Number of protein chains: 2
Amino acid sequence: MSRPTTRTAGEVVPDPAPADRFRHSELGGDIPFLLARARASTSGAANVALEAVGLKVRAFSVLWLACEGLQPSQRELSEFLNLDPSQIVALVDELEGRGAVTRQADPRDRRQRIITPTAAGRRLFRKAHALAEAADDRSLSMLTADERRTLGELLVRVALPAPDGPPGRLSGPGG
Amino acid sequence: MSRPTTRTAGEVVPDPAPADRFRHSELGGDIPFLLARARASTSGAANVALEAVGLKVRAFSVLWLACEGLQPSQRELSEFLNLDPSQIVALVDELEGRGAVTRQADPRDRRQRIITPTAAGRRLFRKAHALAEAADDRSLSMLTADERRTLGELLVRVALPAPDGPPGRLSGPGG
DNA sequence: TATTGTTATACTCTATAACTATA
DNA sequence: TATAGTTATAGAGTATAACAATA
């Protein structure tokens, strides 16, 4: 076979060059479809890169937010990372088990657990971040720096709509 | 709670307005992260819209490609939709069971099964396509038509790289 | 010998519900 | 009464391996 599909731990890294007749199909211009493929290839590549430090993108994202000094609670992580609260529990358990983060009761509301990185967690994050960044550069190598910035700006508007913008009809009574 | 999270059949439609301190985090500018969130919200909204015709985005995509007259084989569907061949079997079984498509052995290579829509399948697709398009319009309502076009063009480059572009280092020896 | 589709199976990811402790 | 986190469990999604038919 001329174009092998590389299989990884948990995810398929898609064949990079589908047949032309499909590339130019109408579906091939559909934004949700393109988002799904782009997500699969970028997250897949990042997962492969992060294997070197025993992380996957989900745990890495939790560690990332903890390392930004935002003192996130698990509930906040759940909302921002779009993961169920019970998944956050498992992810934090994993990171805590590795000595990368600790849970600390928020003094102002002791129900909330603030996730704080340890020194080892910060070192792990720096290493993981470098690996992920290199993987991103490869995944997005077909874009110029300007195009990549534009893509980021447009995606932010779609993925993280402003709190007070137009009513943002993503969820609601029709939901 | 002031901002309820709407839960749907199979997927969470994310809270549209995360706290500002997270929106402006470094993670909040990471393209794979944004792709993951954008995919979740657009596919989630499309899934909700397609419930009205008893489809989900994956089966809908198979039907879409079949209805474009491309005579896709299951192998081709698998590659383009980035789904395992065994998943395509299940999806085609479902559509065939509903009378929306048929499998026909390719006369030139009888191992391959070409997926062809029935008349009912075409009617189903038209209805589903209208529903999905309306959902997309809502999901992307924060972009102008120009911005949406730009987003599509950039995503195509990332998600469907040209067969003969730069070596496209998505898979390879470093995999 | 290799490939397409198929089946069976296992694994990962995600969602649901019930519980606790705090508020 | 309501919310954060936890646990157990179930369900959807995805991957792996073995097989039949065809090349």
Side-chain angles (χ1 to χ4, degrees), chain A residues 1-15 36-37 39-40 43-44 47-48 51 55-59 61-62 71-79 81-94 96 101-115, chain B residues 1-15 36-37 39-40 43-44 47-48 51 55-59 61-62 71-79 81-94 96 101-115:
Chain A
M1 179 189 285
S2 60
R3 278 196 180 279
T5 292
T6 304
R7 285 172 198 289
T8 70
E11 194 147 355
V12 169
V13 177
D15 185 315
R37 265 196 76 113
R39 185 212 67 99
S43 297
N47 271 329
V48 172
E51 276 177 11
L55 287 174
K56 292 185 190 166
V57 285
R58 279 158 62 233
S61 300
V62 169
Q71 304 199 304
S73 71
Q74 296 188 191
R75 156 68 48 184
E76 289 172 318
L77 290 169
S78 167
E79 286 176 6
L81 299 178
N82 204 19
L83 297 171
D84 197 84
S86 60
Q87 297 174 53
I88 301 293
V89 171
L91 259 15
V92 173
D93 281 353
E94 179 193 327
E96 197 178 36
V101 303
T102 61
R103 284 181 238 239
Q104 301 181 354
D106 183 340
R108 283 174 300 196
D109 181 345
R110 299 236 303 289
R111 290 173 303 183
Q112 300 194 141
R113 305 308 186 85
I114 288 172
I115 308 307
Chain B
M1 179 193 274
S2 60
R3 277 194 179 281
T5 292
T6 303
R7 285 173 197 288
T8 70
E11 193 148 357
V12 169
V13 176
D15 185 314
R37 265 196 75 114
R39 184 212 67 97
S43 297
N47 270 329
V48 171
E51 276 176 10
L55 287 174
K56 292 185 189 167
V57 286
R58 281 161 58 232
S61 299
V62 168
Q71 304 199 307
S73 71
Q74 295 188 190
R75 156 70 46 186
E76 289 172 318
L77 290 169
S78 167
E79 286 176 6
L81 299 178
N82 203 20
L83 296 171
D84 197 85
S86 59
Q87 296 173 53
I88 301 293
V89 171
L91 259 14
V92 173
D93 280 353
E94 179 194 326
E96 196 178 35
V101 303
T102 61
R103 282 182 239 239
Q104 300 181 353
D106 183 340
R108 283 173 301 195
D109 181 347
R110 299 235 303 289
R111 290 172 303 184
Q112 300 194 139
R113 305 307 187 85
I114 288 172
I115 308 307

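Keep in mind the model is a prediction, meaning the values are calculated, not measured. Values below: every heavy atom of this structure, side chains too, minus hydrogens, waters and symmetry copies.
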>> Taking the minimum atom-to-atom distance to the side chain of B:R110, which one of C:dG5, D:dT6, D:dA23 wins?
In response: D:dA23
>> Can you identify which nucleotide, out of C:dT16, D:dG5, C:dG5, has its nearest atom closest to the A:D84 side chain?
In response: C:dT16
Figure out the [atom1]/[atom2] separation between [X] and [N], and round it to whole Å.
X      : N      : atom1 : atom2 : result
B:L81  : C:dG5  : CG    : P     : 13 Å
B:R113 : D:dA21 : CZ    : P     : 11 Å
A:R75  : D:dT6  : CZ    : C1'   : 12 Å
A:R58  : C:dC11 : CZ    : C1'   : 13 Å
B:L91  : D:dG13 : CG    : P     : 9 Å
B:D109 : C:dT3  : CG    : P     : 12 Å
B:Q74  : D:dT22 : CD    : P     : 15 Å
A:Q112 : D:dT6  : CD    : C1'   : 15 Å

>> Between B:S43 (side chain only) and B:R39 (backbone N and O only), is there a donor and an acceptor less than 3.5 Å apart?
In response: yes
>> Check whether B:N47 reaches the backbone of B:V57 with its side chain - one donor and one acceptor, N or O, closer than 3.5 Å.
In response: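 Such a contact is found between B:N47 side chain and B:V57 backbone.
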>> Could you check whether the side chain of A:R111 and the base of D:dT3 have a donor-acceptor pair of N or O atoms closer than 3.5 Å, going by distance alone?
In response: yes
> Between the base of C:dT14 and the side chain of A:S86, is there any donor-acceptor pair under 3.5 Å?
Replying inline: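 Such a pair does not exist between side chain and base.
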> So which one's nearest nucleotide on DNA chain C is more toward 5', A:Q87 or A:P107?
Replying inline: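 First, find each residue's nearest nucleotide; the 5'-ward one identifies A:Q87.
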> In terms of the nearest nucleotide of DNA chain C, which residue is placed more toward the 5' end: A:R108 or B:V89?
Replying inline: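 Nearer the 5' end of the strand: B:V89.
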> How far apart are the C-alpha atoms of B:R113 and B:Q104, what are their side-chain angles, what is the distance that settles it, and do they pass the side chain to side chain contact (heavy atoms under 4.5 Å, CB included) test?
Replying inline: CA-CA 5 Å; B:R113 305 307 187 85; B:Q104 300 181 353; over 6 Å; no
>> Would you say CD of A:Q71 has more than 12 non-hydrogen atoms from neighbouring residues, nucleotides or ligands within 6.0 angstrom?
In response: no
> Just checking A:I88: base, sugar-phosphate only, or nothing, at a heavy-atom cut-off of under 4.0 Å?
Replying inline: nothing
> If you look at every strand shown and take non-hydrogen atoms under 4.0 Å, does A:S73 touch a base, only sugar-phosphate, or nothing?
Replying inline: sugar-phosphate
> Side-chain N or O of B:K56 less than 4.0 angstrom from OP1 or OP2 on D:dG13?
Replying inline: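 Indeed, a polar side-chain atom of B:K56 lies that close.
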>> Side chains of A:E76 and A:Q112, heavy atoms from C-beta outward: is any pair under 4.5 Å?
In response: no
